[in-house]
Amino acid sequence: MREYLLTLCITAAVTYLLTGPVRKFAIVAGAMPEIRARDVHREPTPRLGGIAMFFGLCAGLLVADHLSSLNWVFEKSNEPRALLSGAALIWLIGVLDDKFEIDALIKLGGQMIAAGVMVMQGLTILWLPIPGVGNVALTQWQGTLLTVALVVITINAVNFVDGLDGLAAGMVCIATVAFFLYAYRVWVSYGIEAAAPATLFASILMGMCLGFLPHNMHPARIFMGDSGSMLIGLVLAAGAISITGQVDPDVMNLFSGSERATVHQMVPVYIPLLMPLTIIAIPAADLVLAIVRRTWRGQSPFAADRGHLHHRLLEIGHSHSRAVLIMYFWSALIAFGALAYSVNSASMWIVLGVVFLSAVGLVLLLLPRFTPRVPVWAQRFVPPRYRRRRQAAAAEAELALEAAAQDAPDESETDERAPVTAGVSGVNGATAIGTRGRFPDRS
């Protein structure tokens, strides 16, 4: 565990320290596109934050390669090299898109090529544990197609959810914590060395997100751009592929005892099928809804709009920070709920806890829609939006009158400067002035 924590800290430190210089480079390079209609921010913000994240990834892999307890992962497995090759390719495509905004189909082709590069180096799905059927081996073409599809879906799901400050990095980091705990448990508890690469990928991904988040929280000083969102999406998919298709469920020796006990013991085997989906559950749902919405309108599935889940939260009435925290909450609930169920699937308390927290999440989600009636005696202690309409209108009118009274100029000062026509009743001469004592001695 200490080696993984060291790798995480080094990755986070390198990412954090490089983000500032990368921001200055992005400003000089002109990677500050004009604000679009679908954007939430109001000031041009530099992109290319994925450059710092990529160098953080390289630093994490380099440190892990020189640690005696993790060096064997590079010697016995080619997955770290496959991840670095695919990440370098997808990062280069993202940098070009952040600077020149390349076509969506070109990006899609680049994503498929990056996934193919990883498959060629051994990072692919070899078998699938299917409930009721058992362990099903896949052919080479089946494994390649399934791997490419999972990589492309994960990359675009993370890219679609990157619409608010700190949203994508925070959600991926929260889900990756749950994934790291699951992968580490599979490796340590069951002694399966094939789960070590996925554990390493998860620790590095957490470091990348944690190092970039301080610069990306609202108000963001820099955006990760496609170079960052596609990069963390690919690393997330690589970890899911590694532990789903590389770990043999038969090694866990769970096929013993009664049928009911075997079903409960087989939950850790089936969770790899669900854990990647729980990690990207909210981004994937946003991706599916976006495709359906755009095709229904006769638009391209890659056409940008303001109909994403985070945009809907802002339309409901949530602030920027509260919308991000709500998305964090749901991401943590889904990921850690699946993790807890994999540890003890027979416990009813876990299900009840997930249901209760889901109800709390729905209340928080719809909170701006509620306008509770506050008693009369408490009207002065709550914001105006929670007051009764009459009291609220009276309070607003009173505040408006006070503001107008404060802004209105003093009559004496007005009389001092305002010229008045001669002959007006009560006025001697052409001008009216106040008492003589209000002016300094003119001598």
Side-chain angles (χ1 to χ4, degrees), residues 29 31 33 36 38 47-51 53-54 57-58 78-79 81-125 138-163 168 172 201 205 208 223-242 244-245 276-277 279-280 283-284 286-295 297-305 308:
R36 299 160 296 186
R38 62 186 177 92
R47 297 184 181 180
L48 295 178
I51 296 178
M53 304 178 78
F54 176 74
L57 169 67
C58 297
N78 199 39
E79 294 181 12
R81 300 177 184 84
L83 171 65
L84 184 59
S85 302
L89 181 58
I90 202 69
W91 169 74
L92 181 59
I93 296 173
V95 170
L96 294 176
D97 181 67
D98 290 339
K99 182 62 176 70
F100 303 105
E101 295 187 1
I102 61 178
D103 188 70
L105 293 179
I106 298 178
K107 288 195 297 183
L108 181 62
Q111 296 168 6
M112 298 176 68
I113 294 174
V117 169
M118 293 194 301
V119 170
M120 292 175 59
Q121 300 188 52
L123 187 57
T124 182
I125 298 177
L138 301 178
T139 63
Q140 183 178 0
W141 281 105
Q142 291 174 343
T144 300
L145 292 177
L146 187 59
T147 302
V148 172
L150 181 59
V151 170
V152 172
I153 291 175
T154 307
I155 289 176
N156 286 280
V158 176
N159 190 18
F160 273 42
V161 82
D162 184 25
V172 171
F201 297 164
L205 182 56
M208 295 165 59
F223 294 152
M224 67 172 65
D226 285 356
S227 58
S229 61
M230 293 197 300
L231 177 63
I232 62 177
L234 183 133
V235 178
L236 186 63
I241 292 169
S242 177
T244 301
L277 299 179
I279 291 175
I280 61 170
D286 193 13
L287 173 64
V288 173
L289 292 175
I291 293 176
V292 173
R293 179 178 63 252
R294 294 167 185 175
T295 53
R297 296 175 180 174
Q299 300 176 348
S300 170
F302 303 100
D305 58 9
H308 294 288

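None of the values given here were measured: they were computed from a predicted structure.
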Backbone N or O of V152 within a donor-acceptor pair of the N156 side chain at under 3.5 Å?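 Here the side-chain-to-backbone pair exists.
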
Under 3.5 Å: donor-acceptor pair, side chain of D226, backbone of D98: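 Answer holds: no.
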
Looking only at heavy atoms, which two atoms of [X] and [Y] are closest? And how far apart?
| X | Y | value |
| --- | --- | --- |
| Q121 | S85 | NE2-OG, 3.0 Å |
| L123 | A238 | CD2-CB, 3.7 Å |
| C58 | L84 | SG-CD1, 4.0 Å |
| S229 | D162 | CB-OD2, 4.0 Å |
| L83 | M118 | CA-SD, 4.2 Å |
| I232 | M208 | CG2-CE, 4.0 Å |

Test side-chain contact (heavy atoms from CB on, under 4.5 Å) on L138 and T124; report intermediate values, then the result. CA-CA 10 Å; L138 301 178; T124 182; over 6 Å; no

Can you measure from [atom1] ([X]) to [atom2] ([Y]) and round to the nearest 0.5 angstrom?
| X | Y | atom1 | atom2 | answer |
| --- | --- | --- | --- | --- |
| I102 | K107 | CD1 | NZ | 6.5 Å |
| K99 | L48 | NZ | CG | 9.0 Å |
| N78 | M120 | CG | CE | 11.5 Å |
| F54 | L231 | CZ | CG | 7.5 Å |
| N159 | M224 | CG | CE | 10.0 Å |

Please lay out, stage by stage, how I90 and Q111 fare under the test side-chain contact (heavy atoms from CB on, under 4.5 Å). CA-CA 6 Å; I90 202 69; Q111 296 168 6; 3.6 Å; yes

I want to check something: taking the side chain as every heavy atom from C-beta on, are I106 and D97 in contact at a cut-off of under 4.5 Å?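 No - every pair of side-chain heavy atoms lies 4.5 Å or more apart.
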
If we check side-chain contact (heavy atoms from CB on, under 4.5 Å) with I241, which of these qualifies: L150, L236, T154?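 Only match with I241 under side-chain contact (heavy atoms from CB on, under 4.5 Å): L150.
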
